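Structure record follows, encoded as structure tokens.
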Amino acid sequence: MAVRLRINKSDALVAGSTVHVVCAVSDSTLELRPLDGSSELLCFSHADVKRMIDECQASIEYGYFSGAQAARRALAGSALISRMGAAEKAQIFRKQVYVECFLDAEADGEVSRSNDRCAAFLPELGKRVEAKILEQIRLGKDGAELGKLLAMKHPGRTALMAWVREWQKTHDPMCFVKKSRFNGVNAKRVSPQVESAIQTAIKTYLHPGRVHIPHIADEANRVIRELNKSLVFSGQLPEREVSENTVRRRIADLDQFEVCAAREGVAVAKNKLGPYGQGLEIEAPLQRIEMDEWLIDLIALLEESGVDVSDPKFDELRKGRFWVCVAIDAATRVILAIKMSRTESAVETALATLWLAMRNKSEISKQLGCKKEWSEHGHIFNVAVDNGSSFVNADFKAALTDLGIGYEVLPAGVPKLRGRIERVFRTFGTELMQFLTGRTFSNPQERGDYPSDKYVVHTADSIVEVLVRFVVDIYHHREHRGLEYATPADTWDRLMGLYGHSPAKSPHILRHFLGIPLKRQLGRHGVLVCGIAYTSRNLATFFQRRGAQQIDLRIDPEDMGYVSAWFDDAWHTIPAGLPNARGSSLAVWEAMIRELRRSNKAAARLHIEIVDAALERIKQIDDNQRAWRQIGPLTVSAKDIRRAEHESFYGLSFGVVPGEVREKPSVVGTASLTGRLSEIATSEGTSVEGSSPVDDAPGQPELPEDTQPEWRFSDEGEQE
């Protein structure tokens with residue numbers, strides 16, 4: 001059935017804020033023209049207009065151009081009776097009832113508008129009005145205000161006839177509204193000089209000193225008294241001083257955002273009076289990630305030490321609070337990464353958090369005893385942060401840019417712009433910290449007399465386990481109001497099924513940009529990091545062409561099998577010369593070297609099989625600690641690696657390419673693994689008994705191929 005709207009030329013179509021005049025109406029179309037003349041004649045079908053109305057894009061104002069509606073707009077603008085107070089509405093109802101009762105009686109011939117007959121009918125008219133008011137009170141409509149009308153005097157003939165004439169012009173109750181509501185007759189009039197004095201004094205109110213309003217009124221009156229002296233001298237009447245309420249009304253008329261910003265700061269004004277909305281429309285997982293840092297509401301033991309812990313003088317050094325950096329997915333509220341730190345605003349912690357967010361963390365949750373898997377990960381498309389120094393750091397921004405991740409720094413002091421991450425920290429404080437001994441609470445008033453520093457029982461590893469278990473087994477599987485009471489884990493699975501998974505870049509590319517930066521001297525052996533030689537055909541070719549020089553490296557402390565090296569204007573993945581290093585963490589590797597040194601006290605010669613056995617044994621011990629290291633405070637930095645090389649790996653050269661000519665002899669406590677044997681000198685200048693030197697293999701050795709194609713900024717197609 002064809003759509004046909006009932007609309008005529010006295011009606012108007014309002015679309016947005018534009019009023020359209022109905023120029024012509026046919027059986028199938030409407031011709032409209034904007035009232036402000038902003039465009040030419042528009043033609044729409046009845047079906048199109050109905051669709052716009054159904055979608056709340058337009059509405060029909062019936063009788064918009066009729067005499068009554070025009071008179072009402074001229075009288076009261078956009079004022080609505082429904083927005084008036086109960087007392088004012090009761091007065092309008094009273095006048096309307098008087099007029100209607102009079103007109104009904106006039107139509108029945110009971111009264112006329114002559115002076116005598118109208119005056120004689122007023123007592124009867126009053127009874128009929130009271131009866132209608134009592135009927136409305138029995139119906140329960142504004143009984144308190146309507147009851148006051150019964151005690152009011154009846155109007156005289158003059159007032160009644162004025163009401164009747166106004167009603168008959170428009171038949172709109174708005175005609176009974178006091179005209180002073182629209183023209184300000186009741187407002188207190190002040191002269192321009194007095195108004196100027198008030199406005200000058202109000203400027204003092206807009207000040208961070210937060211001057212009180214009574215002082216503003218006193219200042220305004222002081223200026224008025226000075227003005228009166230000159231007026232009296234010139235023979236004019238003095239001005240009246242203003243009251244405190246007058247000043248309050250002027251201040252209430254000011255822009256409240258401007259007032260709050262001037263007195264309390266822009267940040268407070270944004271939080272208090274800034275607009276609130278639903279925020280960005282985030283639909284897909286990993287489309288937007290929010291990151292921030294939080295000082296854990298818990299005093300803990302910062303580190304183990306070799307001193308007598310019972311000595312009170314070491315309490316201040318051992319106790320403190322950890323910072324935690326968190327990354328949360330905006331669409332699903334899934335927490336993608338947590339990284340603890342001993343200090344605030346460490347760019348290394350921010351990069352480690354970002355790296356962890358793009359890794360599968362199932363093994364971490366398994367090793368820490370979680371019932372559920374922490375498998376949420378993938379390529380991040382946009383990161384939103386605040387102005388923290390770790391997030392505006394050049395290294396952090398460079399890593400995001402190189403990985404193709406969007407970067408957005410939100411204004412400081414407006415936490416609602418990052419409401420998801422801020423709410424997570426509140427959840428940690430209210431739902432987790434209450435179960436932990438030694439919590440500090442969010443402020444001294446809330447803490448009261450609780451002796452937090454005397455109840456220190458937690459260490460970094462216990463906090464890591466508590467945080468991960470809370471996130472994986474509780475937070476991810478609890479109903480979330482922001483997700484329409486779905487759980488973050490279920491929402492992640494549902495949206496992944498809808499939009500698909502976006503895998504993170506390869507581990508080699510992530511290491512290129514998020515690994516720990518080092519500089520190493522390039523030589524015939526390649527590059528040496530913690531006693532492991534890394535080399536490849538491309539690296540050897542570069543050395544032959546350019547000679548010895550310092551090159552930039554990036555390492556993954558959880559996998560010493562590869563390093564990233566920058567040469568020929570590209571990142572290259574360089575494998576370790578020692579196969580057992582692949583998949584081994586730096587912590588495992590350092591522990592294995594210490595084990596070798598201890599066992600060497602009783603053995604003159606160590607075969608490579610002994611190294612393999614030690615490495616495998618330590619890897620088993622390391623499984624649980626690997627999960628802790630990835631969440632716990634960073635213990636590996638470029639400085640730590642240099643220290644380890646000096647203390648644990650000094651003089652070591654594992655996995656040197658056969659045929660390499662050694663330039664420096666081994667020193668006390670060092671080892672050299674070449675092919676099958678490990679020779680460890682027990683004293684300076686003496687070789688191990690029964691050992692024989694290993695001759696350099698003749699000819700050029702076979703170098704390993706690069707495991708990954710080189711990564712160049714201009715070769716976007718080769719990144720994967």
Side-chain angles (χ1 to χ4, degrees), residues 83 85 184 186-231 238-279 290 292-295 297 321 323 344-345 384-389 391-392 409-423 425-426 429-430 440-450 452:
R83 299 296 302 163
N186 289 345
K188 184 177 180 179
R189 293 186 176 92
V190 296
S191 67
Q193 294 90 340
V194 173
E195 186 65 34
S196 176
I198 296 174
Q199 296 301 325
T200 301
I202 286 177
K203 292 180 180 179
T204 309
Y205 185 77
L206 303 177
H207 190 274
R210 304 185 188 182
V211 180
H212 295 294
I213 293 179
H215 296 291
I216 303 298
D218 292 341
E219 176 63 18
N221 289 327
R222 185 191 65 79
V223 176
I224 294 173
R225 287 192 294 270
E226 293 294 330
L227 173 64
N228 287 338
K229 292 179 181 179
S230 60
L231 292 177
E239 297 285 354
R240 294 180 56 186
E241 294 184 8
V242 297
S243 66
E244 182 181 319
N245 288 334
T246 300
V247 177
R248 289 185 182 276
R249 285 194 294 269
R250 298 298 191 276
I251 291 176
D253 291 338
L254 296 176
D255 187 318
Q256 294 304 302
F257 184 89
E258 179 183 353
V259 172
C260 186
R263 291 171 61 86
E264 303 179 51
V266 177
V268 176
K270 288 179 179 179
N271 290 331
K272 186 176 180 180
L273 299 171
Y276 175 81
Q278 295 299 320
E290 296 180 5
D292 203 354
E293 295 174 315
W294 177 59
L295 182 61
D297 291 341
R321 295 166 67 182
W323 288 85
E344 180 187 11
S345 301
V385 295
D386 61 7
N387 283 294
S389 59
F391 301 127
V392 297
V409 179
L410 302 175
V414 192
K416 65 183 178 183
L417 298 180
R418 294 172 291 107
R420 298 169 180 86
I421 188 69
E422 295 290 344
R423 187 61 181 86
F425 292 150
R426 181 181 171 189
T430 57
T440 61
F441 299 87
S442 57
N443 55 67
Q445 291 75 23
E446 186 179 351
R447 183 170 64 248
D449 295 332
Y450 182 80
S452 304

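Not measured: the values here are computed from a predicted model. In what follows, residues are counted from 1 in the order of the sequence shown.
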Between atom [atom1] of [X] and atom [atom2] of [Y], what is the distance when rounded to the nearest 0.5 Å?
X	Y	atom1	atom2	result
Ile198	Ile251	CD1	CD1	10.0 Å
Leu227	Ser191	CG	OG	7.0 Å
Asp218	His215	CG	NE2	7.0 Å

Shortest non-hydrogen contact from [X] to [Y]?
X	Y	value
Glu241	Asn221	CB-OD1, 3.2 Å
Gly388	Asp386	N-OD1, 3.0 Å
Val223	Ala197	CG1-CB, 3.7 Å
Val194	Ile224	CG1-CD1, 3.7 Å
Val211	Arg263	O-NH1, 3.1 Å
Ala217	Glu244	CB-CA, 4.1 Å

- Query: So, the side chain of Thr200 versus the backbone of Ser196: is there a donor-acceptor pair under 3.5 Å, distance only?
  - Reply: yes
- Are the side chain of Arg248 and the backbone of Pro214 linked by a donor-acceptor contact shorter than 3.5 Å? no
- Task: Flag yes if more than 12 heavy atoms outside Arg426 fall under 6.0 Å of its CZ atom; otherwise flag no.
- Result: no
Side-chain contact test, heavy atoms from C-beta onward, threshold under 4.5 Å: evaluate it for [X] versus [Y] and give yes or no.
X	Y	value
Val259	Tyr205	yes
Leu254	Ile202	yes
Glu195	Gln199	yes
Glu290	Glu422	no

